[in-house]
Amino acid sequence: MNKKISSLFFSLFFLVVNVEQSKAHMDFGLDQLHFNIGIASNYVNRGVEQNQGQPAPFAGADFSYPIKTLGADVYVGTWISASHGVNTSAGLGYTKEWDNYIGIKKTIDIVTLDVGYSTYSYPGLNDHNLSLENAEYYAKVTIAPDKKPYTFGASYFLDDSQGVLNDNGQRSDRFYYELNATYDFGIVQSKISYGVWDRDTNTSTFTLSKELFGIDLDLSYIYADRAKEQTSQLTQGSKDYLTLVATKRF
């Protein structure tokens, strides 16, 4: 991955925050720092199983800060999950996935814009010639009409690490884009999305969400259709999944 660009993004984040802090003469508040822990019955990302069908515990932390001069929030976060990559033919042996991200979010009337940069690493890889580690830029837009029970959204992710190595030992830049919509039924919230991962999977997802006893529950049906030109050795064909994710936020 492009570590120079990643370092630049994180340095820029702290520079902007420090400048804003100097202007406001304020200290960071605990309400700007949030944590989450949870477990997924099956970790499926972009239509691909990431933990060999086993439950995947996860944890994360997010810090955001309002930049009044920009009318936006800058944020930085980290997330780690069980992610089983034991594959003797491919020489992989990692047991976790560690993601880091940084971005800026701004709301203009009913439209929220979110741009940022993410890195994905897999501690424990025992064959660095077949590395899955990568990074990507992203841009998201969400339209949320005031007092309406629905939203519409779109996102686009562009690789910044020349892609993941395929079975032939070659790298190729890849992208992912997704369209989604939500509807709040009151008793339960719903989300439907369609995502395309370049030369890998086309994924349709329908999710029902509900908070019970302070825990967010997400029940999802996922249908992943393998693209004709497949580059991911982790994708084994067109499959469907039923997953349940429980998350506690504080």
For Ser220 and Thr205, run side chain to side chain donor-acceptor pair (under 3.5 Å): C-alpha distance rounded to whole Å, both residues' side-chain angles, the deciding distance at 0.1 Å, then the answer.
CA-CA 7 Å; Ser220 300; Thr205 305; over 6 Å; no
Between Thr78 and Asn100, does a side chain to side chain donor-acceptor pair (under 3.5 Å) hold up when you go through it step by step?
CA-CA 4 Å; Thr78 187; Asn100 294 286; 2.9 Å; yes
Check the pair Asn36 / Thr247 against side chain to side chain donor-acceptor pair (under 3.5 Å), numbers first and verdict last.
CA-CA 7 Å; Asn36 66 83; Thr247 307; over 6 Å; no
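Within a 6.0 Å radius of NZ in Lys105, other residues, nucleotides and ligands contribute 12 heavy atoms or fewer. More than 12 heavy atoms of other residues, nucleotides or ligands sit less than 6.0 Å from atom OH of Tyr138. Around atom NZ of Lys148, no more than 12 heavy atoms belonging to other residues, nucleotides or ligands sit under 6.0 Å away. Within 6.0 Å of the CH2 atom in Trp79, the count of heavy atoms belonging to other residues, nucleotides or ligands exceeds 12.
Annotation: cation-pi pair Arg174/Phe157 absent, no NZ/CZ under 6.0 Å from the ring centroid and within 45° of its normal. Remark: Lys96 is not positioned above the aromatic ring of Tyr94, lacking an NZ or CZ atom under 6.0 angstrom from the ring centre and at most 45 degrees off the axis. For the pair Arg249 and Phe35, the NZ or CZ position fails the cation-pi test of under 6.0 Å to the six-membered ring centre and within 45 degrees of the ring normal.
The backbone N or O of Ile187 sits less than 3.5 Å from a side-chain atom of Lys210, completing a donor-acceptor pair. Here the side chain of Ser41 pairs a donor or acceptor atom with the backbone of Leu244 at under 3.5 angstrom.
Residue Gly47 comes nearest to Ala224 through the heavy atom pair O-CB, 3.3 Å, listed as atom of the first residue, atom of the second, then distance.
Remark: the Ser64 side chain and the Asp73 side chain contain no N/O donor-acceptor pair separated by less than 3.5 Å.
The only option from Tyr120, Tyr156, Tyr176, Phe175 that meets the side chain to side chain contact (heavy atoms under 4.5 Å, CB included) definition with Glu136 turns out to be Tyr120.
Taking the six-membered ring for Trp, Tyr117 and Tyr137 have ring centres closer than 6.0 Å.
Judged as a side chain to side chain contact (heavy atoms under 4.5 Å, CB included), and not counting sequence neighbours, the contacts of Ile110 are Ile143.
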